[in-house]
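Start at 1 with the first residue, then count along the sequence.
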Amino acid sequence: MSSDEKPSAPRSLAEALRARDDASLAALLRARPDLITPVPTDLTQLATRAGTRASVVRALEHLDRFTLQTAEALAVAAEPATYGELLGLMAGDAREAAVVAALPGAVAVLREQALVWGDDDRLRLVRTARELLAPSPQHPSPTGLGPSVREATAGMSPGRIQEIVSAAGLPTTHDAVSAVTALAALFGDRRRMGALLAEAPAESLEVLDRLVWGPPYGQVTADPAVRLRWLLDRGLLLPTAPGTVVMPREVALHLRGGSAHRAPEPVPPAVEAAATRRPQAVDAAAAGQAYTALATVEELLKDWDEGGPAVLRAGGLSQRDLKRTAVALDVSEPMAAFWVELAYAAGLIASDGEADERYAATPFFDEWVERPAAERWVRLAEAWLAGTRTPGLIGGRDTKERTLSALGPGLDRSAAPEVRRRVLALLAGLPEGTVPTAESVLARLAWERPLRGPQRDDDLRSRLARWTLSEAELLGITGRGALASQARALLGAAARPHGQVTDQAAGSPQGPGDKLPFHHHAAPAPAPGPLSPAEQAVASAAAERILAPLLPEPLDHVLLQADLTAVAPGPLHRPLADTLGVLADVESKGGATVYRFTPGSVRRALDAGRTASDLHAFLAEHSRTPVPQPLTYLIDDVARRHGHLRVGAASAYVRCDDDAMLNEILADKRAVALRLRRLAPTVLAAQADPAALLDGLRAMGFAPAAESAEGDVLITRADAHRSPPRTAPEPVPEGPPVPDGTLLSAAIRAIRAGDLASTAPRKPADDANATAQAPGALPRTSPADTLATMQAAVLTGEAVWIGYVNAEGAASQRVIAPVRVEGGFVTAYDHTADEVRTYPLHRITGVAELADEEA
């Protein structure tokens with residue numbers, strides 16, 4: 001072919017893909033990663049896979065509204081359609097400027113994703129997409145258009161067709177096909193169609209007006225009214241079934257002014273601002289909420305330190321345990337479910353795997369709690385961003401009408417990470433401190449990923465978006481409704497000026513001329529995918545640097561008061577907070593935390609191995625006020641009685657050197673349930689277990705201590721119960737991951753190589769033992785012919801075409817240049833793999849010579 005000669009138009013999608021360069025193929029595989037799993041053997045197989053129903057449905061679901069409208073217009077256009085015809089369907093007679101400007105980009109996206117192929121003068125929608133989007137009585141098109149005249153008259157008697165043609169003012173023809181063609185041409189001619197409708201009664205035009213934007217179907221009686229009869233006689237309405245008529249597509253397009261859609265949407269709706277706040281106030285509010293999030297998760301895990309709620313047989317928390325957790329955290333049940341799921345997603349909670357299975361903190365919690373506050377928050381935020389578990393579903397029902405429980409199965413929604421990142425990306429596109437309206441965010445998301453069919457306010461993506469806005473505020477991602485600086489950094493958007501959008505659908509950023517102010521978006525900015533590990537490490541470090549100075553500094557003191565309380569005016573250093581949490585009970589939380597000292601809390605500190613002198617020294621060291629005398633008396637009184645009674649395991653026993661105290665216990669009516677009896681002057685035996693005996697005696701006002709089999713006092717620590725090491729739950733992917741550059745390069749090289757082998761011209765078989773080959777089939781020759789052809793190719797240095805079956809049984813075609821044949825193996829330069837390889841002769845199905853290239 002000469003350089004001046006224009007390449008011929010592709011005759012199939014495979015040929016269109018074959019004409020693409022590697023960058024274009026990479027963009028296709030990046031946009032539709034399901035096509036690369038597994039890697040196709042050649043471009044014909046890639047084209048076949050790109051046309052399968054599951055793959056096409058997935059591709060259509062990832063189109064924005066205008067691009068989907070473009071595909072819908074092609075589905076109702078003649079096949080093939082010219083770009084001018086498509087423009088007429090999209091922009092109508094008015095040729096709306098925004099539609100004209102946006103249409104080339106939409107067609108480019110459809111071409112890139114292999115949903116449309118062919119040049120501008122022969123655009124073809126892939127067959128599966130046409131079947132999905134074309135109108136039918138069972139599946140009306142979103143365009144509201146009905147079948148074409150040709151489709152609507154299929155099966156109609158030729159005589160009836162000639163009657164319609166004659167009533168419409170056209171000359172009759174010799175056959176039904178030409179009559180239908182003439183009628184379609186009339187309806188498509190604006191001038192003649194206008195003259196025909198000018199003769200229509202006003203009542204008939206009202207009927208057309210009701211059907212013009214769809215649905216195009218209507219009901220008629222056996223004896224239609226005059227206004228309907230006039231339309232039926234001229235084919236402006238055509239019968240499709242007894243009692244049902246339809247407006248032909250050509251008639252509707254004329255009445256619509258040529259537009260396939262009532263309202264084309266070439267420009268995404270802008271994200272509107274509800275309020276504007278000072279960025280400093282936003283960051284401060286978000287930092288305060290981030291600290292609250294850390295405190296809440298710590299409180300939750302400490303509440304489960306001695307063993308959390310039991311695991312239901314079907315998995316998850318019971319509703320009663322969730323209520324109990326909500327009361328302990330002083331939050332609502334949905335909020336408690338969010339914190340529980342967040343801790344689980346971060347790998348801080350797991351089941352302990354025991355026979356009586358319960359939830360508990362993981363060993364990672366002990367490591368996490370010792371890290372700096374900003375680093376701990378980043379870990380929670382990363383788990384939330386990447387997690388597919390959806391707390392908002394808790395309390396609802398699954399497809400089998402079973403209630404969805406916290407930490408239970410059925411909560412994974414693969415779209416959750418993409419929706420969260422997209423919502424936050426929209427917030428990042430606004431000026432700092434701008435609070436968006438929830439309705440505008442939902443409208444933008446609906447434009448970017450429209451539902452095929454009627455739009456609903458309760459669809460999953462809309463609910464995920466609403467939950468994202470509320471959860472982001474709880475976690476400190478946003479502050480007072482606006483995106484915080486640390487969240488911008490965590491998303492990797494800290495350096496991006498507001499209002500810039502990225503055209504990632506095409507796999508490349510927009511040029512400088514495409515930067516837009518935030519209130520005028522000309523193209524969608526699809527959700528940024530997860531950052532690479534290296535990029536995420538940099539973003540996380542930046543978020544930590546921004547958040548750290550905004551968090552309150554931990555304090556090393558409290559204020560003791562005479563009413564047996566201590567006030568912590570801010571967050572406390574870890575050792576102080578841990579010790580005080582054992583020595584006292586939290587009475588109220590907020591800007592300042594109030595702790596209350598009780599006999600039970602003091603006994604808890606003594607059980608943990610502290611002595612009275614230790615507690616006095618601790619309080620004196622960390623209190624900015626003098627230690628009140630009532631608190632000193634309380635500690636001394638509990639310490640004096642602590643351990644005077646000893647409880648151990650027989651069934652259980654109580655021993656005490658003071659037999660008068662044992663007499664007091666036996667005489668107390670509250671001890672009846674413990675079923676005590678005296679074994680010796682200083683020992684009582686009980687039929688209750690040691691734990692129940694300890695609780696019973698403490699309820700009676702005593703301060704018993706548990707002892708080991710050796711007689712030593714047992715020291716109980718709050719963090720004694722931990723689950724075995726558990727990893728955080730893996731997110732459920734929405735589909736195959738987007739391939740990286742290395743995988744794309746290797747896959748494209750393999751596809752090209754396979755295509756070279758399958759399309760290489762070869763000489764026709766002239767040997768009696770050679771089997772005639774169907775296109776695309778592996779060559780088949782006898783072992784003797786295979787060996788002889790290989791040896792001849794070594795001497796001549798020519799390349800040959802072989803079929804090869806590897807050890808896994810996978811068959812492929814290859815073009816090789818044999819170098820050596822010996823010992824049952826052939827060593828050759830493999831043109832398809834671009835390297836020298838060795839093949840066992842017994843795995844080669846056959847060999848054929850390549851045809852000589854034309855000069």
Side-chain angles (χ1 to χ4, degrees), residues 72-73 75-79 89 127-128 130-189 192-193 196-256 259-262 452-454:
E72 291 165 352
V76 298
E79 189 180 27
L89 288 170
R127 182 184 306 170
T128 308
R130 177 174 287 273
E131 293 171 353
L132 290 168
L133 299 177
S136 69
Q138 295 76 24
H139 304 285
S141 169
T143 61
L145 294 170
S148 65
V149 172
R150 186 177 302 278
E151 294 165 345
T153 55
M156 185 179 289
S157 68
R160 177 58 184 152
I161 294 176
Q162 296 296 343
E163 290 175 2
I164 292 175
V165 168
S166 179
L170 297 174
T172 57
T173 63
H174 297 290
D175 60 275
V177 174
S178 59
V180 170
T181 302
L183 188 63
L186 168 65
F187 292 162
D189 188 316
R192 289 193 293 158
M193 188 62 173
L196 176 62
L197 291 177
E199 302 172 359
E203 296 83 359
S204 298
L205 294 178
E206 290 177 2
V207 173
L208 296 180
D209 288 341
R210 288 199 298 269
L211 299 178
V212 65
W213 290 109
Y217 296 91
Q219 301 296 318
V220 296
T221 62
D223 184 17
V226 175
R227 66 182 186 277
L228 295 174
R229 174 57 61 190
W230 192 93
L231 298 172
L232 288 166
D233 288 345
R234 290 155 181 79
L236 299 174
L237 293 180
L238 292 171
T240 59
T244 303
V245 295
V246 66
M247 176 187 288
R249 186 182 306 165
E250 293 86 347
V251 176
L253 287 173
H254 173 83
L255 295 173
R256 295 177 177 194
S259 179
H261 296 87
R262 189 167 198 164
R452 289 193 296 117

| query | Atom CG in Asp189, atom CG in Leu196: separation rounded to 0.5 Å? | reply | 11.0 Å
| task | Please report the C-alpha distance between Met247 and Leu255 in whole Å, then the side-chain angles of each, then the deciding distance to 0.1 Å, and finally whether the side chain to side chain contact (heavy atoms under 4.5 Å, CB included) criterion is met. | result | CA-CA 11 Å; Met247 176 187 288; Leu255 295 173; 4.1 Å; yes
| field | Side-chain touch Leu238/Ile164, heavy atoms, less than 4.5 angstrom | value | yes
| field | side-chain hydrogen bond (donor to acceptor under 3.5 Å, both in side chains) contacts touching residues 172-182 (sequence neighbours left out) | value | Arg150-Thr181, Gln162-Thr173, Thr173-Ser178, Asp175-Ser178
| field | Least distance between heavy atoms, Ala182 atom then Leu170 atom | value | O-CD1, 3.6 Å
| Is atom CG of Asp209 surrounded by more than 12 heavy atoms (other residues, nucleotides or ligands) closer than 6.0 Å? | yes
| field | Taking every non-hydrogen atom, the tightest pair across Leu145 and Pro135 | value | O-CB, 3.1 Å
| message | If I compare all heavy atoms of Val149 with all of Pro248, which pair ends up nearest, and what's the gap? | response | CG2-CB, 3.7 Å
| About how many Å separate CZ of Phe187 and CG of Leu236, when rounded to the nearest 0.5 Å? | 5.0 Å
| Nearest 0.5 Å, what's the CG-CD1 distance between Leu183 and Ile161? | 9.0 Å
| Which side-chain hydrogen bond (donor to acceptor under 3.5 Å, both in side chains) pairs, counting each pair once, include a residue from residues 227-241, with sequence neighbours left out? | none
| request: Find the distance between CZ (Arg192) and NE2 (His254) and round it off to the nearest 0.5 Å. | output: 12.0 Å
| field | Non-hydrogen atoms of Ala73 and Leu89 that approach each other most closely | value | O-CD1, 3.5 Å
| query | Does any non-hydrogen side-chain atom of Leu208 lie less than 4.5 Å from one of Leu197? | reply | yes
| request: For residues Ser141 and Thr143, report the shortest heavy-atom separation together with the two atoms involved. | output: OG-OG1, 2.7 Å
| note | Quick note, salt bridge (Lys or Arg N to Asp or Glu O under 4.0 Å) partners involving residues 244-256, not counting sequence neighbours, are Glu151-Arg249
| request: Find out whether Val220 and Leu237 are in side-chain contact, i.e. whether some heavy atom of one side chain is under 4.5 Å from a heavy atom of the other. | output: no
| message | Nearest 0.5 angstrom please: Leu232 CG to Arg160 CZ, how far? | response | 7.0 Å
